Amino acid sequence: MTALSTTIGNATSTNSHELPRTRLSLYYLLGYTLPVGVALMSVPQLTMKLLLTNHAYDDLGLRMFGVLLFSLGILASGLIINKASSVYTGTLLVRGFIIAALFVLYFQYQDPALLVINLVVTVGFTLTFLSWRKDKAEERG
């Protein structure tokens with residue numbers, strides 16, 4: 001019985017470490033990964049035109065990227081649903097890498113779509129970072 005009460009006590013004590021603002025900021029991530037993933041899978045060329053591309057991309061590659069993007073959205077929704085606050089900082093690291101990689105690709109290919117995508121990712125990174133910082137400050141007291 002004491003093991004059960006210890007488990008229940010630990011489960012409720014994690015509620016104070018949920019990082020609620022950070023969790024809320026991840027909805028922005030869902031807001032672009034799921035719809036853009038579906039758009040790339042279904043109408044890849046139109047989607048790229050809306051992203052202001054100046055390159056011709058193969059439909060297969062764009063559709064595969066749509067599958068990947070949609071899959072990332074599903075994973076992010078799992079983080080939100082399960083309140084997996086211990087991995088929220090990992091989303092910052094991943095998006096930091098994406099931002100850097102998109103800048104490198106932009107300088108190599110000069111495709112404005114890469115800057116548009118980078119702007120979307122940077123806004124999400126900034127929202128999550130500021131939320132995470134405020135949540136951590138409140139957690140420390």
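If you're wondering where the values come from, they're calculated on a predicted model, not measured in any experiment. Basis for what follows: all heavy atoms, side chains included, without hydrogens, waters or symmetry-related copies.
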Exercise. So, for Thr33 and Gly73, which heavy atoms are closest and what is the spacing to 0.1 Å?
Worked result: OG1-CA, 3.1 Å

What donor-acceptor contacts under 3.5 angstrom involve side-chain atoms of residues 91-104, with partners at least two apart or in another chain?
{"unit_1": "Thr91", "atom_1": "OG1", "unit_2": "Tyr88", "atom_2": "O", "d": "2.5"}
{"unit_1": "Thr91", "atom_1": "OG1", "unit_2": "Arg95", "atom_2": "NH2", "d": "3.2"}
{"unit_1": "Arg95", "atom_1": "NE", "unit_2": "Thr91", "atom_2": "O", "d": "3.3"}
{"unit_1": "Arg95", "atom_1": "NH1", "unit_2": "Gly124", "atom_2": "O", "d": "3.2"}
{"unit_1": "Arg95", "atom_1": "NH1", "unit_2": "Thr128", "atom_2": "OG1", "d": "3.4"}
{"unit_1": "Arg95", "atom_1": "NH2", "unit_2": "Thr128", "atom_2": "OG1", "d": "2.9"}

Problem set entry | CG on Leu127 to OG1 on Thr22, rounded to 0.5 Å | 10.5 Å

Exercise. Is a donor on one side and an acceptor on the other found under 3.5 Å between the side chain of Asn82 and the backbone of Ser77?
Worked result: no

Seminar exercise, completed: Separation between CG (Asp58) and CE (Met64), nearest 0.5 Å, reads 9.5 Å

For this session: State the CG-CG distance between Leu52 and Leu114, to the nearest 0.5 angstrom.
Result: 11.5 Å

For this session: Check whether any side-chain heavy atom of Leu40 sits under 4.5 Å from a side-chain heavy atom of Met48, and report yes or no.
Result: yes

Problem set entry | Distance in Å, Leu29 CG paired with Ile80 CD1, rounded so as to fall on 0.5 Å steps | 7.0 Å

Problem set entry | Non-hydrogen atoms of Pro112 and Asn54 that approach each other most closely | CD-ND2, 3.3 Å

For this session: Report yes or no: do Tyr27 and Leu34 belong to one cluster of Ile/Leu/Val/Met/Phe/Trp/Tyr joined by side chain heavy-atom distances under 4.5 Å?
Result: yes

For this session: Measure the CG-CZ distance between Leu72 and Phe65 for me, rounded to the nearest 0.5 Å.
Result: 8.0 Å

Exercise. Can you name the residues that form a salt bridge (Lys or Arg N to Asp or Glu O under 4.0 Å) with Lys134, not counting sequence neighbours?
Worked result: none

For this session: Consider only side-chain heavy atoms of I, L, V, M, F, W and Y, link residues closer than 4.5 Å, and tell whether Ile74 and Val121 are in one cluster.
Result: yes

Problem set entry | Spacing of Thr89 atom OG1 and Trp132 atom CH2 [to the nearest 0.5 Å] | 7.0 Å

Exercise. With distance as the sole criterion, is a donor-acceptor pair present between the side chains of Tyr57 and Asp111 under 3.5 Å?
Worked result: yes

Exercise. Is there a side chain to side chain contact (heavy atoms under 4.5 Å, CB included) between Arg23 and Asp135 once you walk through the steps?
Worked result: CA-CA 10 Å; Arg23 181 173 176 259; Asp135 284 341; over 6 Å; no

Exercise. Quick one: does Tyr32's side chain have a donor or acceptor within less than 3.5 Å of a partner on Gly37's backbone?
Worked result: no

Problem set entry | Side-chain (Thr47) to main-chain (Ala39) donor-acceptor, under 3.5 angstrom | yes

For this session: Indicate yes or no: at least one non-hydrogen side-chain atom of Arg21 is less than 4.5 angstrom from one of Glu138.
Result: yes

Exercise. Side chains of Tyr28 and Val120: does their closest heavy-atom pair fall under 4.5 Å?
Worked result: yes

Problem set entry | Donor-acceptor contact below 3.5 Å, side chain Arg63 vs main chain Met41 | yes

Problem set entry | Student check: side-chain heavy atoms of Leu19 and Lys83 closer than 4.5 Å | no

